[in-house]
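Shown next, in structure tokens, is the structure this report addresses.
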Amino acid sequence: MSCEPLDERVQTLKGTVTAAFERVYGGQPQLIVVSPGRVNVIGEHTDYNDGFVLPAAIDRHVVIGLRPRVDGRVRVHAADFDDTATFALDSLTRTEQQSWANYIKGVAWALQQEGYALQGFDAALASDVPVASGLSSSAALEVGFAFAFQTLSGFELDGVKRALLCQKAENQFVGMNCGIMDQYIVSLGKAGHVLLIDCRSLGYELAPLPAGVSLVICNTRKKRGLLDSEYNTRRAECERGAATLGVKALRDVTPAQLEARKGELDPVTYRRCRHVVTEDARTLEAVAAMRAGDLQRLGELMNASHVSLRDDYQVSCFELDVMVEAAWQQPGVYGARMTGGGFGGCAVALVADEHAAAYAAQVAPIYRRETGIEGEIYICRADDGVHAF
Ligand code: GLA
């Protein structure tokens, strides 16, 4: 469990980055960029259906120290695994080795495709966003470097466009067909708030996280093996459902309309569609409950979201179910669900502040006993999106 003050965590990362920069390149970075991970409170697998999501940026970050170079090259040193990637901005290729660097090259590629002239740089980075755990360490990297490129190269890029270009990098350069949620919230998150994002209009509304509750993230530490292939299968199933129902996207279908036309869909497609249309409805109700301070209702909606993801969308797994069911038993828990793409990664629980520490102490041993895995629990706050330090 870790809950040091935000500044202390970022300061520690900044210290690591500055020392690594000095050691690898000599001298000091001229710009420090801080880019957060994210957690989604509710609205899962809705973004690529033009629907609604309710994520927050969290106080776990990628911190990047940078200094411009004039020869069109980029060097990036990852302090956490002592590896340096080097590439030229005019010859960007995806590689299997140093796969972490593909996210950075992808962003450079997407920005250049859009016509931006980019400045090269030397960079060092360190992160406390757990990797491959469903907290968007990859979006944190992409959006952090997009922000670095725009700042050092001297062009304006609004937060939504930055998110769209980072999504394009991930879809077309890295090869993961994700929706817009992760890059959007990392780009535009606000401390103390969740964002209700309309993934069709790409507008958002802020909703303050109610006082007195913590976002507790429970990392199963089960690697998300199936995610890529199953993710694409789910997207295809949703598109098939929308086509049969004659709509642009499942966003355009209400739960009642789906029930009325159930007979036109095969059973699997029907269940996938039922998750998406009910999840959109739950997400809109959740933001209303949050604004009204009705934590009880918000928690019920989170629990229902988990059941729907587990049974209809079938993207949960044994470890996530153990974590969520353990959470449901604890005092002071309003609700808990898997969060992110699924098949491993993290669950999120909404816990009364005074119970948060005891929660962590109770859930970790239950999870270890049932799965044999040492999970991790982080008590998090909603934080700002990408920014210079
Ligand atoms: C992954 C994707 C997001 C979103 C979630 C599921 O995190 O990157 O775009 O689809 O899964 O809600």
Side-chain angles (χ1 to χ4, degrees), residues 36-58 60 102-103 106-107 129-143 160 163-189 194-200 202 204 217 219-220 223-239 249-251 272-273 275-280 282-283 286 301-302 305-306 308-310 312-317 320 337-348:
R38 68 97 185 89
V39 68
N40 191 18
V41 174
I42 195 166
E44 216 66 81
H45 289 279
T46 45
D47 61 351
Y48 52 82
N49 290 296
D50 279 4
F52 299 95
V53 294
L54 197 66
I58 56 172
R60 294 293 183 281
N102 289 332
Y103 298 99
V107 167
V129 185
V131 172
S133 297
L135 299 178
S136 288
S137 59
S138 51
L141 205 56
E142 290 158 356
V143 174
V160 174
L164 284 166
L165 288 172
C166 289
Q167 182 198 19
K168 180 177 176 184
E170 181 137 358
N171 290 171
Q172 296 183 30
F173 193 91
V174 177
M176 165 68 189
N177 205 17
C178 63
I180 189 62
M181 169 170 70
D182 305 343
Q183 291 80 7
Y184 194 112
I185 187 65
V186 173
S187 189
L188 285 155
V194 294
L195 267 64
L196 175 70
I197 304 169
D198 178 333
C199 298
R200 172 168 280 168
L202 295 181
Y204 72 88
I217 296 176
N219 187 352
T220 63
K223 296 290 178 213
R224 302 163 307 157
L226 279 170
L227 185 58
D228 281 19
S229 63
E230 291 294 321
Y231 191 89
N232 289 337
T233 307
R234 292 300 177 283
R235 284 192 74 139
E237 288 163 345
C238 290
E239 279 158 24
L250 291 177
R251 148 75 171 269
R272 306 299 190 238
C273 293
H275 166 71
V276 174
V277 304
T278 58
E279 185 78 351
D280 270 334
R282 279 187 291 272
T283 304
L301 292 161
M302 290 172 72
S305 167
H306 184 76
S308 177
L309 287 158
R310 183 190 68 195
D312 275 352
Y313 218 61
Q314 296 183 297
V315 292
S316 188
C317 62
L320 279 168
R337 55 183 288 278
M338 57 154 277
T339 185
F343 299 103
C346 290
V348 59

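Whatever order the structure lists ligands and atoms in, that order sets their numbers, starting from 1.
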| field | Which atom of Ala169 lies closest to which atom of Val107, heavy atoms considered | value | CB-N, 3.6 Å
For ligand 1, output the ligand-protein N/O contacts shorter than 3.5 angstrom; if there are none, return none.
from, atom 1, to, atom 2, distance (Å)
ligand 1, 7 (O), Arg38, NH2, 3.1
ligand 1, 7 (O), Asp182, OD2, 3.1
ligand 1, 8 (O), Asp182, OD2, 2.6
ligand 1, 9 (O), Asp47, OD2, 2.6
ligand 1, 9 (O), Gly179, N, 2.9
ligand 1, 9 (O), Tyr231, OH, 3.4
ligand 1, 10 (O), Asp47, OD1, 2.7
ligand 1, 10 (O), Asp47, OD2, 3.4
ligand 1, 10 (O), Tyr231, OH, 2.6
ligand 1, 12 (O), Glu44, OE2, 2.6
ligand 1, 12 (O), His45, N, 2.7

| Do you know the tightest heavy-atom contact between Thr339 and Ala347? | CG2-C, 4.0 Å
| Taking Ser305 as the fixed residue, which of Glu279, Arg310, His275 is the one that meets the side-chain hydrogen bond (donor to acceptor under 3.5 Å, both in side chains) rule? | Glu279
| field | Nearest heavy atoms of Met302 and Val348, plus distance in Å | value | CE-O, 3.9 Å
| Between the main-chain N or O of Met181 and the side-chain N or O of Asp47, is there a donor-acceptor pair closer than 3.5 Å? | yes
| field | Smallest separation among heavy atoms of Cys238 and Val276, with atom names | value | SG-CG2, 3.9 Å
